[in-house]
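Side-chain atoms are counted along with the backbone in the values below, which use heavy atoms only and exclude waters and symmetry mates. It should be emphasised that the depicted structure is a prediction, and the values quoted were computed from it without experimental measurement. Below, chain A is the first sequence line, B the second, and so on; all start at residue 1.
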Amino acid sequence: MTRILLFLMMILVGASCFNEPDCIVTATTSIKMDFKQTKTDKTTLLKSVVDSALILKYVKVSGITSDYMKDSTTSTVTLPINPKEKTITYYLFRQSKSGATTRLDSIKFSFSEESRVIAPKCGAYTFFLDLKVVQTSFGQTQYKITSTRLLKNTTNVQVYF
Amino acid sequence: MCRYIFSLLAISIAMQLHAQEVAKPRKPRIDTVSNKYMPTGLRIGIDALTLIRSKDNSFKGWEVNFDTDLYRYFVTVDYGYWATNQLLGNGRYTNSGNYIRFGADVNFLLKDPDKNMFFLGMRYGISSFSESVEYTNTASYSGFGTNSYSRSNGSLSGHWIEITTGLRVKIVSGFWMGCTARLKFAPVVNGFGQLSPYDMPGYGIVEEAPYWGFNYQLFWRFPFKNK
């Protein structure tokens, strides 16, 4: 009987640790876009996808009057969404590497939301999900949604140039 | 040869007939299992831990337990209510609902004269509840400001499975004390909208699986009268 009681005591003590909630908040209000390029190896003729740094003269976000980004050379951008709206549009004004040509692209996303209580100490957070492209100047094969959930450190869209 | 065989057969039959005459009449076999699955009493209990927790403003609840013995097996039913009102880091969460668990325990102290128990068992739990949350979040871009949310799930239903173990110890005649440890798993909640279910009465945090639960119970036993 003593052994049984000790066993149960161990379960009780151990279980109090198991029920301690984790305070890890992965929700974010940003969409991460990666710019990619398909390269063909001249000798092996194998195709590979590599990061492609773009020269962005400016990036505009619907609902923000000023430029969100300006004169930046980058292969990834993290752009905000407006939690009060159901859609967001980004305008990317980019320049060719030679500087000879410029082009304005736009991409409009829609998303839905879900509230989640993480833990009493952490609080509740809105998670944005079901990310979709509703309108864009990019061709259909030029972009790929890699994650429909807006989570920290997660790429949502890959755009190919 | 055939005569010898016939003779041996005749002798052996004769011996068997003689043996049957000599053998003492066997006692009629008593069927010792015919009544052992008849319940001998009903135990009614309350969960003291839930009542103690109810003194805290963030939790209100109660739970009653019923079990009856069928030889070494106990059929159990638990019925309870729980409501929480939790202050969050950025808001408040409330829920309330009822739950029922039913299942069976196997008693490993079968020969204990006091009907003490060390048991293992399983339960199937069903919960019906509602919940709501109010909170504020700040957007990653400061220009989009702080947003206030008020979300609720009016009518949710859920179910889960438990593996249980515990003790029942007789304190005085007709009164037992015990504890039950519950390993809860496979929670399923139906009927929710924009608020992801958080705390299911009877189960706990829905996103945590497995989830542990405990009861410290006080039982009163009412024996059935023998006819």
Tell me whether the count of non-hydrogen atoms from other residues, nucleotides or ligands lying under 6.0 Å of [atom1] in [X] goes above 12.
X: A/Q37; atom1: CD; answer: yes
X: B/N57; atom1: CG; answer: no
X: B/M122; atom1: CE; answer: yes
X: B/K55; atom1: NZ; answer: no
X: A/Y91; atom1: OH; answer: no
X: A/N153; atom1: CG; answer: no

Under the ring pair (Phe, Tyr, Trp, His ring centres under 6.0 Å) rule, what do A/Y68 and B/Y141 come out as? Steps first, then yes or no, please.
CA-CA 10 Å; A/Y68 183 74; B/Y141 175 68; 5.8 Å; yes

Any donor and acceptor pair, going by atom type alone, linking the side chain of B/N137 with main-chain N or O of A/T126 inside 3.5 Å?
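The answer is yes, because a donor-acceptor pair under 3.5 Å joins these two groups.
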
Would you check if the side chain of A/T29 reaches a backbone N or O of B/A139 as a donor-acceptor pair within less than 3.5 Å?
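No; zero donor-acceptor contacts below 3.5 Å.
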
Provide the closest heavy-atom pair for A/A119 versus B/Y198 in the form atom of the first, atom of the second, distance.
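In terms of heavy atoms, the two residues are closest at CA-OH, 3.7 Å.
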
Which heavy atom in B/L88 sits nearest to a heavy atom in A/G123, and how many Å separate them?
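Nearest pair, atom of B/L88 first, then A/G123: CB-CA, 4.0 Å.
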
Name the option with the most non-hydrogen atom pairs under 4.5 Å to chain A; the candidates are B/R92, B/Q86, B/R151, B/E134.
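Highest number of heavy-atom pairs under 4.5 Å: B/R151.
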
Could you tell me which portion of A/L79 (side chain, backbone, both or neither) has an atom closer than 4.5 angstrom to a non-hydrogen atom of chain B?
neither

Separation between NZ of A/K121 and CG of B/L87, rounded to the nearest 0.5 Å
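Here the interatomic distance stands at 12.5 Å.
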
Inter-residue atom distance A/S115.OG - B/Q194.CD, 0.5 Å rounding
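These two atoms lie 6.5 Å from each other.
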
Can you check whether B/F144 reaches A/E85 side chain to side chain, under 4.5 Å on heavy atoms?
no

Within the 4.5 Å heavy-atom criterion, are B/S196 and A/E114 side-chain neighbours or not?
yes

Heavy-atom distances under 4.5 Å only: say whether B/L195 touches chain A with side chain, backbone, both or neither.
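It is both, since atoms from each part get that close.
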
For A/V117, run the side-chain contact (heavy atoms from CB on, under 4.5 Å) check against B/V133, B/D199, B/I205 and tell me which one passes.
B/V133

Which residue out of A/G63, A/A27, A/A124 racks up the most heavy-atom pairs below 4.5 Å with chain B?
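Highest number of pairs under 4.5 Å: A/A124.
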
Using the rule given for side-chain contact (heavy atoms from CB on, under 4.5 Å), can you reason through A/R116 versus B/E207, listing the C-alpha separation, both sets of side-chain angles and the distance that settles it, and then say yes or no?
CA-CA 10 Å; A/R116 243 187 234 184; B/E207 289 196 2; 3.3 Å; yes

